[in-house]
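These notes are about the structure you will find just below.
Positions are given from 1 along the sequence.
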Amino acid sequence: MATLPNPLPRLATDPSGRSLGLQLPPGRLLDTTENGPHHEPLLWLADKPAGPGTWTALGAPAARAGLLPVLVETGGPQGGPDEWDLMPDDVSYPGDHDPEDVLAEYWEGDEEPGPDDELGDLVDPFGPQWPGLAPPKKLSADPGTRAAHTADELTADQGQSVFPAPHLALVPARRSADIPASIGWSGPLNHENDVARLCAVLRSWEDRFGIRVVALGFDALLLSVAAPPTDLAEAEAVAAEHFAFCPDNITQGADTLRAYAKELVGETTWFFWWD
């Protein structure tokens, strides 16, 4: 996978990050993968849980040093990222994949739930043929500001259980959409073995909808959205992409694409979970 130089090794001898222009709180470097220690750190993880303001205070300066912020759960049944079976050696480069080809392959190869009539009801108003990408939207907010707001909302809700005990992590990545591939995240393994293919879609969503990767769990992903769909027709086109990207959002959630689309109108966060 083509990457920029990794600034994280410098933190081994400079844990405050001053040489990178940072003032980091106590934290640790993680290099744990399913195949043993990686040849270099995959991420820096803060020791204390994140709170409102953490994303802005640490994320913006870190981005200038080549490290992008993401919140990671640490209190779930599967623990934190050092227990997630990260697979960076099995990941390709997101830029090598065409997002529309990826989504079309998922859409046309999806065999859920079985009978054609049931599948037709599930993906109505579309059919078995991939309907194509949704058109881009004009930004209604600055993507970085929207991401910070989403992060603050998540960390302010002490009772939320989707990303329990979120800590801020810093990841060496070219763009926010590449964060899952950069650490070899295996959350969608039951749907896709190479998370870089999903990151290619995230790149396209960055360009068309101003998304940012805000939080990762063992098998969950939260995005902020700076240009959400504003009517049902737009939302249905986006929902088709979501169904291809993560079928569980519909088959184990809203039950139909049309019902799911109604939830997307004006929604500034997109959540995905793979069973």
Work out which heavy atom in [X] is nearest to a heavy atom in [Y]; give both atom names and the distance.
X	Y	value
Pro229	Val238	CG-CG2, 4.3 Å
Val91	Asp194	CA-OD1, 3.6 Å
Pro228	Thr268	CG-CG2, 4.3 Å
Ser161	Pro164	O-CD, 3.4 Å
Leu42	Val171	O-CG1, 4.1 Å
Pro88	Ile183	CD-O, 4.0 Å

Please determine if Arg208 and Glu241 form a salt bridge, counting it only when a charged side-chain N lies under 4.0 Å from a carboxylate O.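 A salt bridge is present here (some side-chain N lies under 4.0 Å from a carboxylate O).
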So that I can tick it off, tell me whether Asp98 and Arg197 are bridged by a salt bridge, with the cut-off set at under 4.0 angstrom between side-chain N and carboxylate O.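 So Arg197 does not pair with Asp98 through a salt bridge.
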Side-chain atoms of residues 54-68: list all donor-acceptor pairs with protein atoms under 3.5 Å, sequence neighbours left out, distances to 0.1 Å.
{"from": "Thr54", "atom 1": "OG1", "to": "Gly51", "atom 2": "N", "distance (Å)": "3.0"}
{"from": "Thr54", "atom 1": "OG1", "to": "Gly51", "atom 2": "O", "distance (Å)": "2.9"}

Check whether any side-chain N or O of [X] sits under 3.5 Å from a backbone N or O of [Y] as a donor-acceptor pair, and report yes or no.
X	Y	value
Arg10	Gly17	no
Glu267	Thr269	yes
Gln158	Thr155	yes
Trp273	Asp219	no
Thr256	Ala259	yes
His167	Ala50	no
Asp31	Glu40	no
Asn190	Asp275	yes
Gln160	Phe163	yes
Asp178	Cys199	no

Can you tell if the side chain of [X] reaches within under 4.5 Å of the side chain of [Y], non-hydrogen atoms only?
X	Y	answer
Val195	Pro188	yes
Glu236	Pro125	yes
Phe272	Asp248	no
Leu221	Phe271	no
Glu83	Gln78	no
Leu24	Leu11	yes
Pro69	Leu170	yes
Leu103	Val201	yes

[atom2] on [Y] to [atom1] on [X], rounded to 0.5 Å:
X	Y	atom1	atom2	answer
His38	Leu43	NE2	CG	11.0 Å
Leu71	Leu216	CG	CG	9.0 Å
Leu29	Asp82	CG	CG	12.5 Å
Leu168	Leu45	CG	CG	8.5 Å
Trp185	Phe218	CH2	CZ	10.0 Å
Ile250	Arg258	CD1	CZ	13.5 Å

Does [X] belong to the same Ile/Leu/Val/Met/Phe/Trp/Tyr cluster as [Y], with side-chain heavy atoms less than 4.5 Å apart forming each link?
X	Y	result
Leu8	Ile179	no
Ile211	Leu198	yes
Val72	Leu154	no
Val214	Trp270	no

Which is it for Ser224 and His149 under the side chain to side chain donor-acceptor pair (under 3.5 Å) test, yes or no, and what are the steps along the way? CA-CA 9 Å; Ser224 61; His149 180 71; over 6 Å; no
Just by distance, no angles: are the side chains of [X] and [Y] close enough, under 3.5 Å, to form a donor-acceptor pair?
X	Y	result
Asp14	Ser19	yes
Arg18	Ser16	yes
Glu206	Ser204	no
Trp130	Glu100	yes

Working note: Leu202 + Leu223, criterion side-chain contact (heavy atoms from CB on, under 4.5 Å); need CA distance, chi angles, decisive distance, verdict. CA-CA 9 Å; Leu202 294 179; Leu223 309 178; 3.8 Å; yes
Steps toward side-chain contact (heavy atoms from CB on, under 4.5 Å) verdict (Thr33, Asp85): CA-CA 5 Å; Thr33 77; Asp85 292 331; over 6 Å; no
Name the orientation class of the two ring planes belonging to Tyr106 and His191 (parallel below 30°, tilted from 30 to 60°, perpendicular beyond 60°).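 Judged by the thresholds at 30° and 60°, the geometry between Tyr106 and His191 is tilted.
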So Phe245 and Trp205, would you call those rings parallel, tilted or perpendicular, with 30° and 60° as cut-offs?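 Phe245 vs Trp205 ring planes: tilted.
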Stepwise side-chain contact (heavy atoms from CB on, under 4.5 Å) test for Phe243 and Thr251: CA-CA 9 Å; Phe243 175 70; Thr251 59; 4.1 Å; yes
With side-chain contact (heavy atoms from CB on, under 4.5 Å) as the test, would you mind laying out the steps for Trp84 and Thr32 before giving the verdict? CA-CA 9 Å; Trp84 287 357; Thr32 308; over 6 Å; no
Show every donor-acceptor pair shorter than 3.5 Å between a side-chain atom in residues 131-146 and any protein atom, with sequence neighbours excluded, or say none if there are none.
{"from": "Lys137", "atom 1": "NZ", "to": "Thr230", "atom 2": "OG1", "distance (Å)": "3.1"}
{"from": "Lys137", "atom 1": "NZ", "to": "Glu234", "atom 2": "OE1", "distance (Å)": "3.1"}
{"from": "Lys137", "atom 1": "NZ", "to": "Glu234", "atom 2": "OE2", "distance (Å)": "3.3"}
{"from": "Ser140", "atom 1": "OG", "to": "Ala226", "atom 2": "O", "distance (Å)": "2.9"}
{"from": "Asp142", "atom 1": "OD2", "to": "Gly144", "atom 2": "N", "distance (Å)": "3.1"}
{"from": "Asp142", "atom 1": "OD2", "to": "Thr145", "atom 2": "N", "distance (Å)": "2.8"}
{"from": "Asp142", "atom 1": "OD2", "to": "Thr145", "atom 2": "OG1", "distance (Å)": "3.0"}
{"from": "Arg146", "atom 1": "NH1", "to": "Val225", "atom 2": "O", "distance (Å)": "2.7"}

Sequence-distant partners of Tyr260, ring-ring contact (aromatic ring centres under 6.0 Å, His included), two or more places apart: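 ring-ring contact (aromatic ring centres under 6.0 Å, His included) check on Tyr260 returns His242.
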